[in-house]
Structure formats: C-alpha cells, structure tokens
Amino acid sequence: MLEPDGPVDRLLRKDGPLDRLLAKGGHFDRLLEEGGALDRLLEEGGVIDQVVNEGGLIDRFMEVSVTLGEVGPTITSLHEPISSIDRSAAKLATAVGPLSDIVGRFPTSARLPGMRRRTSAKDNPADAEVPKPEDL
C-alpha cells in the first residue's frame, strides 16, 4: 500500500482522486453546499427517512423477503409434479399423432350413402316454432 506508486501514492498525488474530491467546487463542496445532496438525504421525509422509518423501504423489503422465504419450499415442492405432468403430456402427444392420422382418413360426413339426415329444432334453433303471445 505504501510502496512507490502504490495505492496511497496514487490517492495523494497532485490532481489525484483526493485533490479532485477536496477541490473548490469538487464533490465535497457539492455534497455539503446548502440544499446539496447531504441536505436532501437528511431532510425531514428525505431519502434516509424513507428508508429507515417504520413502514419504510427496509420494513417492506423484510416483509417481501419473509414471504419469499415462505413461498420458496412450496415452489420447490412443485418441481416433481410439474415434471411428471410434462412427461405425461409428451407421452400423450406421441399417442395422439397416429390417432389424428387415422381420424383424417374417415369421410367428413358420418352418413351412409342414400340416407338423409333428419333435422330437428336442436340442429337449427332458428327453425324452431316460437309460440305467439296470444297462444300462451
């Protein structure tokens, strides 16, 4: 640390980091000026208050971390059932492929040649007779 051109030498050299930090109009001046960053951090309701007050950022973070800690084991326990469902879905997809080929070979109309299909009101509700108000 103290060897020539080591960290301390680089920090203390002319126009080095310490000079820039302490220079007039430098970082410290801007930090400490009236209404500067330090004032804004420490003012009533400022960033520090928002972080450390009851119900502030730290409290909310702790609540979320507790919830995540409680949910973690549940999520971990779902790994095997989800993997099992995934394997089952893959097997079903393998079985359904050949069945869809077979179904594709059937004619689209399930009628026997020469037979007409009977129609009913269930087939076409628009054809159903609607009672007139005077008939009710």
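Position 1 is the first residue of the sequence, and the numbers go up from there. Heavy-atom basis, side chains included; hydrogens, waters and symmetry copies ignored.
The backbone N or O of Gly36 lies less than 3.5 Å from no partner atom in the side chain of Arg30, so there is not a single donor-acceptor pair.
Judged as a salt bridge (charged side-chain N to carboxylate O under 4.0 Å, His left out), the pairs with a partner in residues 83-93 (not counting sequence neighbours) are, in order, Glu80-Arg87. Evaluation of the side-chain hydrogen bond (donor to acceptor under 3.5 Å, both in side chains) test over residues 37-64, restricted to residues two or more places apart or in two chains, returns none. The salt bridge (charged side-chain N to carboxylate O under 4.0 Å, His left out) analysis of residues 64-76, with sequence neighbours excluded, yields no pairs.
Under the 4.5 Å side-chain heavy-atom criterion for grouping Ile, Leu, Val, Met, Phe, Trp and Tyr, Leu57 is not connected to Val66 through any hydrophobic cluster. The hydrophobic clustering, which links ILVMFWY residues whose side-chain heavy atoms are closer than 4.5 Å, places Phe28 and Leu38 apart. Under the 4.5 Å side-chain heavy-atom criterion for grouping Ile, Leu, Val, Met, Phe, Trp and Tyr, Met62 is connected to Val51 within one hydrophobic cluster. Under the 4.5 Å side-chain heavy-atom criterion for ILVMFWY residues, a single connected hydrophobic cluster contains both Ile58 and Ile48.
The two residues Pro81 and Ser77 come nearest to each other via the heavy atoms CD-O, 3.3 Å. Across every non-hydrogen atom of Asp9 and Pro4, the tightest pair is OD2-CA, 3.3 Å. The heavy-atom pair separating Arg10 from Asp5 by the smallest distance is NH1-O, 2.8 Å.
With rounding to the nearest 0.5 Å, the separation of CG in Leu22 from CG in Leu18 is 4.5 Å. Asp29 CG to Leu21 CG: the interatomic distance, rounded to the nearest 0.5 Å, is 10.0 Å.
Side-chain contact between Glu3 and Val8 is absent, with no heavy atoms from C-beta onward closer than 4.5 Å.
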